[in-house]
Amino acid sequence: MTLPETSRVRLGDLSMCRILNGMWQVSGGHGQIDPARAVAAMFSYHDAGFTTWDLADHYGPAEDFIGTFRREFAARRGAERLGDIQAFTKWVPHLGAMPRPIVEAAIDVSRRRMGVERLDLLQFHWWDYHDRRYLDALKHLADLREAGKIRHLALTNFDTERLGVIADTGIRIVSNQVQYSLVDRRPAAGMAAFCEAHGVALLTYGTLLGGLLSEAWLGRREPGHADLVTMSQQKYKQMIDTWGGWTLFQELLAALKRIADKHGTSIANIGTRAILDRPAVAGVVIGARLGLSEHLADTARVFDLALDGEDRAALDPILARARDLMAVIGDCGDEYR
Ligand SMILES: NC(=O)c1ccc[n+]([C@@H]2O[C@H](COP(=O)([O-])OP(=O)(O)OC[C@H]3O[C@@H](n4cnc5c(N)ncnc54)[C@H](OP(=O)(O)O)[C@@H]3O)[C@@H](O)[C@H]2O)c1
């Protein structure tokens, strides 16, 4: 399977796949991951054209899996082809002082675990905006980029206001990773326009609501906690509850199913395509339970899919009945603060 040209987009000087393989799912709470099977599965993703990985320092063994995958890849296919792989990690520090040695030590740990001289993309998260030391950390991260340890500097879960604060410092940021789905449409409120104006791309997660946005949940009674078998499902069930509840969600799934049937594709692909088409969105991160489940053939079809005005019009009346999550939760990432 090879993906069409339209599956790729540029992020800075990198070419990335517009569907990224999300590695939170290897960190526990998503079924027992076997390391050898997981790394073998990474070859399948790569060979199918899904060459871009999203991970974090705190996603269990994810950075080590990248290290192992790269070593095996170099041994089998030659080190000169390692540039075909893109691995985007995150740094999620505890609150505290952010002097250069602390920042640099964290980056060095990720470089060592992943087996790279230079991190392709480092996405920085911060827990509390009242503590403005995130600006110290970003200054040092920008210096480490100049020193060659980071290729591109990025953010995750930053709100629009702080994107503005950071832009004012002159620190160059290529992307912000935020939750964005047909259910959680907060980025459309202000963030996307800001990003377009300032050349910041959005990478999105939660787009498939942990898999709840799929045929598997169409027509099913409301799940209780015991029915939700992954942490991801639990997280997004709460989001659905805040948004409008299970009954409205079933209406959304039914409408998506009609659209999916019309296009001969899946509910997941309609949900993914709807977000890929939104302004400022460069890529959608889809969680991968490596070695346990995969949806590669289905996901590949998202690149041949074009939604039309009739499709969007069919969803609008349902989405209009949901709560305004900007009002209920706040801007992107406020749920973590
Ligand atoms: N920056 C942040 O704060 C943050 C937060 C959360 C997540 N993330 C990133 O985003 C990634 C995505 O995680 P997520 O929790 O948001 O999950 P998600 O991508 O919304 O859902 C992933 C699940 O969707 C199901 N799925 C995937 N493709 C499908 C298809 N074509 N048809 C039907 N079902 C399909 C799979 O379920 P099954 O495995 O059960 O088949 C998969 O495990 C994470 O791995 C991480 O990299 C970032």
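Atoms within each ligand, like the ligands themselves, are counted from 1 in listed order. One is the number of the first residue; the rest follow in order along the sequence.
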**Q** Nearest protein heavy atom to atom 11 (C) of ligand 1, by residue and atom, and its distance?
**A**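 Here the closest protein heavy atom is Val285 CG1, 3.5 Å.
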**Q** Taking 4.0 angstrom as the limit and counting only heavy atoms of Leu209, give me the atoms of ligand 1 inside it, by number and element.
**A**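 So the atoms of ligand 1 that pass are 20 (O).
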**Q** With atom 7 (C) of ligand 1 as the reference point, say which of Tyr205, Trp217, Tyr180 has the nearest heavy atom.
**A**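 Among Tyr205, Trp217, Tyr180, the closest heavy atom to atom 7 (C) of ligand 1 comes from Tyr205.
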**Q** Decide whether an N or O pair under 3.5 Å exists between Gly210 and ligand 1.
**A**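 Such a contact does occur with ligand 1.
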**Q** Can you report which non-hydrogen protein atom sits closest to atom 1 (N) of ligand 1, along with the distance?
**A**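 Looking at atom 1 (N) of ligand 1, the protein heavy atom closest to it is Thr156 OG1, 2.8 Å.
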**Q** With the 4.5 Å side-chain cut-off for hydrophobic clustering, are Val26 and Val109 part of the same group?
**A**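 Val26 does not cluster with Val109.
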**Q** Do the side chains of Arg323 and Asp241 get close enough for a salt bridge, i.e. N-O under 4.0 angstrom?
**A**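 Asp241 and Arg323: not salt-bridged.
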**Q** Does the plane of the ring in Tyr45 sit parallel, tilted or perpendicular to the ring in Phe50? Use 30° and 60° as the thresholds.
**A**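 Taking Phe50 first and then Tyr45, their aromatic rings stand perpendicular (interplane angle over 60°).
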**Q** When you compare ligand 1 with Ser266, is there at least one nitrogen or oxygen pair between them that comes in under 3.5 angstrom?
**A**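 Checking ligand 1 against Ser266, no N or O pair falls under 3.5 Å apart.
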**Q** Between His30 and Trp24, does a ring pair (Phe, Tyr, Trp, His ring centres under 6.0 Å) hold up when you go through it step by step?
**A** CA-CA 9 Å; His30 290 86; Trp24 177 40; 4.7 Å; yes
**Q** Tell me, please, whether Phe43 has Arg76 positioned over its six-membered ring: NZ or CZ under 6.0 Å from the ring centre and within 45 degrees of its axis?
**A**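 Relative to the ring axis of Phe43, which defines the angle, Arg76 lies inside both limits.
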**Q** Identify which of Ala216, Gly31, Ala56, Ser232 has a heavy atom lying nearest to atom 14 (P) of ligand 1.
**A**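 Selected option, by shortest heavy-atom distance: Ser232.
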**Q** Under a single-linkage definition using a 4.5 Å side-chain heavy-atom cutoff for Ile, Leu, Val, Met, Phe, Trp and Tyr, are Ile166 and Val92 assigned to the same hydrophobic cluster?
**A**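 Yes, one cluster joins them.
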**Q** Please determine which of Asn157, Asp57, Thr156, Asp54 meets the side chain to side chain donor-acceptor pair (under 3.5 Å) test together with Lys90.
**A**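 Filter result, single survivor: Asp54.
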**Q** For atom 25 (C) of ligand 1, what's the nearest protein heavy-atom neighbour? Residue, atom name and distance, please.
**A**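 Ranked first by proximity to atom 25 (C) of ligand 1 is Gly211 CA, 3.6 Å.
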**Q** Show me which atoms of ligand 1 lie under 4.0 Å from any heavy atom of Tyr236.
**A**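 Result: 6 (C), 14 (P), 15 (O), 16 (O).
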**Q** Look at the aromatic rings of Tyr129 and Tyr134 and report parallel, tilted or perpendicular, splitting at 30° and 60°.
**A**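 Rings of Tyr129 and Tyr134: perpendicular, over 60°.
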**Q** If we set the cut-off at 4.0 Å for heavy atoms, which region of Asp298 has an atom near ligand 1: side chain, backbone, both, or neither?
**A**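 The part of Asp298 near ligand 1 is the side chain, not the backbone.
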**Q** Look up atom CE in Met16 and atom CG in Leu203, then write down how far apart they are to the nearest 0.5 Å.
**A**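 That separation rounds to 5.0 Å.
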**Q** Relative to the heavy atoms of Ser293, which atoms of ligand 1 are at a distance of less than 4.0 Å?
**A**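 Atoms satisfying the 4.0 Å criterion: 38 (P), 39 (O), 41 (O).
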**Q** Can you sort out which atoms of ligand 1 are near Thr299, meaning under 4.0 Å from one of its heavy atoms?
**A**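 The atoms of ligand 1 under 4.0 Å from a heavy atom of Thr299 are 31 (N).
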**Q** Give yes or no for whether the N/O distance cutoff of 3.5 Å, strictly under, is met between Leu55 and ligand 1.
**A**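 In this structure, Leu55 places no N or O atom under 3.5 Å from an N or O of ligand 1.
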**Q** Does an N or O anywhere in Ile286 fall below 3.5 Å from an N or O of ligand 1?
**A**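 By distance alone, the answer is no.
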**Q** Whether the side chain of Arg70 engages the backbone of Gly67 through a donor-acceptor N/O pair (distance < 3.5 Å, no angle test) should be reported.
**A**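 Such a contact is absent between Arg70 side chain and Gly67 backbone.
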**Q** I need the atoms of ligand 1 closer than 4.0 Å to a non-hydrogen atom of Gly22, numbered in the order shown.
**A**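 Near Gly22, the atoms of ligand 1 are 11 (C), 44 (C), 45 (O), 47 (O).
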**Q** Can you tell me which residue and heavy atom of the protein come closest to atom 13 (O) of ligand 1, and the distance to 0.1 Å?
**A**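 Of the protein heavy atoms, Gln25 NE2, 3.2 Å lies nearest.
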**Q** Quick one: does Gly206 get an N or O within less than 3.5 Å of an N or O on ligand 1?
**A**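 Yes - when backbone and side-chain N and O of Gly206 are compared with those of ligand 1, one distance drops under 3.5 Å.
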**Q** If you measure every N/O of His295 against every N/O of ligand 1, is any gap under 3.5 Å?
**A**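 Yes; at least one N/O pair falls below 3.5 Å.
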**Q** Give yes if a backbone or side-chain nitrogen or oxygen of Gln233 is under 3.5 Å from a nitrogen or oxygen of ligand 1, and no if not.
**A**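 There is no such contact.
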**Q** Salt bridge check, Lys149 against Glu117: does any charged N sit closer than 4.0 Å to a carboxylate O?
**A**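 Lys149 and Glu117: not salt-bridged.
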**Q** Flag the pair Arg111 and Asp108 as a salt bridge only when some basic side-chain nitrogen lies within less than 4.0 angstrom of an acidic carboxylate oxygen.
**A**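 Asp108 and Arg111: salt-bridged.
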**Q** Just go through Asp54, Leu290, Val26 and tell me whose heavy atom is the nearest to atom 47 (O) of ligand 1.
**A**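 Result: the heavy atom closest to atom 47 (O) of ligand 1 is in Asp54.
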**Q** Any donor-acceptor pair under 3.5 Å linking the side chain of Arg113 with the backbone of Ala62?
**A**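 Checking the backbone N and O of Ala62 against the side chain of Arg113, no donor-acceptor pair under 3.5 Å is found.
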**Q** Looking at Asn157, which atoms of ligand 1 are within less than 4.0 Å of one of its heavy atoms?
**A**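 Checking each atom against Asn157, I get 1 (N), 2 (C), 3 (O).
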**Q** Evaluate Gln177 for polar contact with ligand 1, using N/O atom pairs at a separation under 3.5 Å.
**A**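 Gln177 vs ligand 1: N/O contact under 3.5 Å present.
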**Q** Okay, side chain of Arg278, backbone of Ala274: is any donor-acceptor separation there less than 3.5 Å?
**A**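 Such a contact is absent between Arg278 side chain and Ala274 backbone.
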**Q** Using 30° and 60° as the class limits, which term best fits the ring planes of His46 and Phe73: parallel, tilted or perpendicular?
**A**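 The rings of His46 and Phe73 stand perpendicular, inter-plane angle above 60°.
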**Q** What about Arg289: any of its N or O atoms under 3.5 Å from an N or O on ligand 1?
**A**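 Yes, there is a polar N/O contact under 3.5 Å.
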**Q** Only heavy atoms count here, so choose which of Ala268, Gly287, Ser181 is nearest to atom 42 (C) of ligand 1.
**A**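 Looking at heavy atoms only, the winner is Gly287.
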**Q** For ligand 1, which atoms have a heavy atom of Tyr336 less than 4.0 angstrom away?
**A**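 Counting from 1, the qualifying ligand atoms are 3 (O), 5 (C).
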**Q** If you group Ile, Leu, Val, Met, Phe, Trp and Tyr by side-chain heavy-atom gaps below 4.5 Å, do Leu248 and Leu209 land in one group?
**A**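 Result: yes, single cluster for both.
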**Q** Could you tell me if any non-hydrogen atom of Lys90 lies under 4.0 Å from any atom of ligand 1?
**A**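 Contact present.
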**Q** Which atoms of ligand 1 are found less than 4.0 Å from any heavy atom of Ser214?
**A**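 Selected atoms, number and element: 33 (C).
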